[in-house]
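First comes the structure, then the notes that go with it.
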Amino acid sequence: MPKIIVAIDGYSSCGKSTTAKLVARQLNYPYIDTGAMYRAVTLYFIQNHISLTNPKEIENALSKVHISFRRHPELGRNDTYLNGLNVEDEIRKMYVSEQVSEVSAIAEVRHALVAQQQRMGKTKGIVMDGRDIGTVVFPQAELKIFMTADPHIRAQRRQLELMEKGEIVGLEEIAENLKNRDYIDTHRAESPLRQAEDAIYIDNSLMTLDEQVEMVVRLADEQIGLSLRRNARA
Ligand code: DC
């Protein structure tokens with residue numbers, strides 16, 4: 001069966017990662033959460049007091065950052081590791097969310113992570129989500145999805161997610177953080193968040209998770225079928 005790349009981009013907390021994870025499971029593809037990679041770099045920069053305005057210091061810090069993903073033996077989730085340490089819970093905390101858009105707007109950071117992401121998808125058969133997957137990382141991806149949801153619904157989803165991890169944050173603070181991140185993500189000079197011309201737009205405000213997953217899997221199956229027919233003709 002031919003393998004394809006599924007690129008899912010969109011705003012923060014619109015359910016991209018949850019959808020992408022389940023789509024990957026159904027397709028039997030690995031799933032890469034690129035937001036987690038930007039969060040891991042942000043955590044490293046915070047812990048090591050890296051100046052965000054000093055390119056030399058940034059380059060030097062990046063050479064010491066090693067990010068990988070490993071399956072959690074009991075929870076079955078794909079955990080993010082920073083230099084061998086499991087940072088999955090730490091990178092989701094509010095203090096990291098508050099810095100991550102600024103760090104991910106730095107050109108050196110983007111170049112390093114995009115190169116690693118491209119290596120991960122070299123043999124295709126991957127589901128990757130983020131902000132620039134369909135535009136910069138894999139502009140040739142067979143299936144591109146641009147996902148969004150109503151800002152109020154996104155803030156509520158994020159609040160629930162944090163609450164489940166024991167972090168109680170007010171809805172207004174979350175809505176403000178999402179608004180700031182949306183602004184920085186869409187206005188940065190380096191690969192800003194935008195919908196690729198050939199991406200399929202999905203507003204999931206009124207959709208259930210099952211409906212979203214089903215829709216993306218159906219679109220992926222169509223693309224796999226197309227690749228199969230193309231290969232048969234070649
Ligand atoms: O998906 P997330 O909210 O965990 O992403 C965290 C931040 O990382 C987000 O504010 C923007 C940045 N990001 C990015 O710039 N490019 C990506 N491909 C993924 C995330």
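All ligand and atom numbering here is 1-based and tracks the order in the structure.
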Between ligand 1 and the protein, which N/O pairs fall short of 3.5 Å?
from: ligand 1; atom 1: 1 (O); to: Arg131; atom 2: NH1; distance (Å): 3.0
from: ligand 1; atom 1: 1 (O); to: Arg131; atom 2: NH2; distance (Å): 3.4
from: ligand 1; atom 1: 3 (O); to: Arg39; atom 2: NH2; distance (Å): 3.4
from: ligand 1; atom 1: 3 (O); to: Arg131; atom 2: NH2; distance (Å): 3.1
from: ligand 1; atom 1: 3 (O); to: Arg181; atom 2: NH1; distance (Å): 2.9
from: ligand 1; atom 1: 4 (O); to: Arg39; atom 2: NE; distance (Å): 2.7
from: ligand 1; atom 1: 4 (O); to: Arg39; atom 2: NH2; distance (Å): 3.4
from: ligand 1; atom 1: 5 (O); to: Arg131; atom 2: NH2; distance (Å): 3.4
from: ligand 1; atom 1: 10 (O); to: Ser101; atom 2: OG; distance (Å): 3.1
from: ligand 1; atom 1: 10 (O); to: Arg181; atom 2: NH1; distance (Å): 3.2
from: ligand 1; atom 1: 10 (O); to: Asp185; atom 2: OD2; distance (Å): 3.3
from: ligand 1; atom 1: 15 (O); to: Arg110; atom 2: NH1; distance (Å): 2.8
from: ligand 1; atom 1: 15 (O); to: Arg110; atom 2: NH2; distance (Å): 3.4
from: ligand 1; atom 1: 15 (O); to: Arg188; atom 2: NH1; distance (Å): 2.8
from: ligand 1; atom 1: 15 (O); to: Arg188; atom 2: NH2; distance (Å): 3.2
from: ligand 1; atom 1: 16 (N); to: Arg110; atom 2: NH2; distance (Å): 3.0
from: ligand 1; atom 1: 18 (N); to: Thr34; atom 2: OG1; distance (Å): 3.0
from: ligand 1; atom 1: 18 (N); to: Arg131; atom 2: N; distance (Å): 3.1
from: ligand 1; atom 1: 18 (N); to: Asp132; atom 2: OD1; distance (Å): 2.9

> Just wondering, more than 12 heavy atoms not from Ile168 lying within 6.0 Å of its CD1?
Replying inline: yes
> Does Ile91 share a hydrophobic cluster with Val103, counting links as ILVMFWY side-chain heavy atoms below 4.5 Å and allowing steps through other members?
Replying inline: yes
>> Could you report the tightest heavy-atom contact between Arg92 and Asp33, atom names first, then the distance?
In response: NH2-OD2, 3.0 Å
>> If you count every heavy atom of other residues, nucleotides or ligands that lies below 6.0 Å from Gln140 atom CD, does the total exceed 12?
In response: yes
> Taking all non-hydrogen atoms of both residues, which atom of Ser205 and which atom of Asp203 are closest, and how far apart?
Replying inline: OG-OD1, 2.6 Å
>> Can you give me the closest heavy-atom contact between Cys14 and Asn204, atom names plus distance?
In response: O-ND2, 2.7 Å
